[in-house]
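Ligands are counted one by one from 1 in listed order, and the atoms in each one are counted from 1 as well. If you read the sequence from its start, that first residue is 1, and numbering goes on from there.
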Amino acid sequence: MERNRTVRKAVIPVAGNGTRFLPATKAMPKEMLTIVDRPVVQYALDEAREAGIEHVVFVTSRNKQVIEDHFDDTPELISSLEKSGKDDKVRELGELLPQAGSVSFTRQQAPLGLGHAVWCARDLIGDEPFALLLPDMISYGPRGCLSGLMDLYREVGGNVVGVEPCAQDEVSQYGIVGKGAAVQHGFAVTHMVEKPKAGDAPSNLFLNGRYVLQPEIFGHLARQKRGAGNEIQLTDSMLKLSETQPFHAHVYEGRTYDCGSKHGFIEANVAFALARPDIGGAVYQSLRDMMSSHEGRIRAA
Ligand code: G1P
């Protein structure tokens with residue numbers, strides 16, 4: 001069935017435990033860790049809005065209430081900022097606040113994997129195509145990755161995924177796609193496999209956490225058996241859906257930082273800090289100084 005090529009809704013799963021960032025995530029969700037001065041989850045919401053998304057469904061879990069608070073209004077804070085003349089902060093907070101009724105929250109009750117988290121959003125999405133943004137993966141470039149996926153979706157319909165090249169020794173950390181015929185904004189996907197061994201990967205193009213999916217994915221997710229890591233894997237259900245519907249991939253022209261890893265999280269902080277007009281110059285100078293003072297020790301290690 002050919003559907004409307006407008007995508008109105010997005011899912012942002014924020015239910016994961018954040019074990020890799022303990023103890024920082026003992027009492028705080030990993031999605032609230034900051035890249036410069038914004039929480040990780042804010043970047044995903046901003047990217048969704050930039051791509052024209054009107055409604056975002058967050059799939060949360062226990063101990064994530066602060067994410068809901070982050071996307072609510074703060075009248076007491078605003079009036080105190082107004083009283084102290086901090087108009088720029090008032091403006092910034094106003095711009096970041098989602099319009100009333102444009103975000104929903106539902107809970108994943110057990111940590112059964114990404115596929116299960118997406119399935120938890122099925123009633124709130126309904127029978128229409130939707131975007132999916134994994135907030136650990138932060139787009140850095142002239143525009144967010146989801147906007148590129150939307151261009152490709154308008155061109156070809158069906159299902160669309162974001163990909164980027166990675167080093168051969170990293171393929172086992174991600175979902176990997178096989179590359180088929182080129183289209184204007186991307187290529188046809190011939191295969192998808194979740195966390196393959198280096199020798200079994202169909203390419204070095206990894207799923208970078210951005211998707212446009214048709215609602216038929218939910219039927220596959222409902223029946224999906226556990227896969228890699230003993231979790232219900234989205235990639236396995238996408239592979240099943242690809243037997244009856246087309247999948248295309250858009251190669252992101254920017255860079256995605258994997259903030260689920262400490263290295264990626266630090267890289268993202270440095271990249272966004274260097275790009276900031278207020279602190280970029282000072283951060284650059286500090287980095288140069290630090291690099292020269294650590295160079296000998298790091299080279300020797
Ligand atoms: C998930 C997806 C994987 C994708 C990755 C991007 O894996 O299953 O296909 O490449 O996100 O971050 P996870 O990070 O949940 O292990």
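In this structure, Y140 has its ring center at least 6.0 angstrom away from the ring center of Y252.
Cation-pi geometry between K179 and F187 is satisfied (NZ or CZ under 6.0 Å from the ring centre, within 45° of the ring normal).
Between I176 and S203, the closest heavy-atom pair is CG2-O, 3.2 Å. Nearest heavy-atom pair across G254 and E164 is O-OE1, 4.1 Å. Minimum heavy-atom separation, R210 to E47: NE-OE2, 2.8 Å.
With sequence neighbours left out, Y174 forms a ring-ring contact (aromatic ring centres under 6.0 Å, His included) with F206.
Atom numbering of ligand 1 starts at 1 in the shown order; those under 4.0 Å from a heavy atom of K195 are 7 (O), 13 (P), 16 (O). Those atoms of ligand 1 with a heavy atom of Q233 less than 4.0 angstrom away are 8 (O).
For L134, every heavy-atom contact with ligand 1 shorter than 4.0 Å involves the side chain, none the backbone. Residue contacts with ligand 1, taken as heavy atom pairs separated by less than 4.0 Å, do not involve Q173 at all. Residue-level proximity to ligand 1 for T235 is carried by the side chain, the only part with a heavy atom below 4.0 angstrom.
With respect to atom 12 (O) of ligand 1, the closest heavy atom belonging to the protein is M137 SD, 3.2 Å. For atom 8 (O) of ligand 1, the closest non-hydrogen atom on the protein side is E194 OE2, 2.8 Å. At the top of the distance list for atom 4 (C) of ligand 1, counting protein heavy atoms only, stands L207 O, 3.4 Å.
Considering backbone and side-chain atoms together, Y174 places no N or O closer than 3.5 Å to any N or O of ligand 1.
Within the 4.0 Å cut-off (strictly below), no protein heavy atom is located near atom 15 (O) of ligand 1.
Between the side chain of S237 and the backbone N or O of L234 there is no donor-acceptor pair closer than 3.5 Å.
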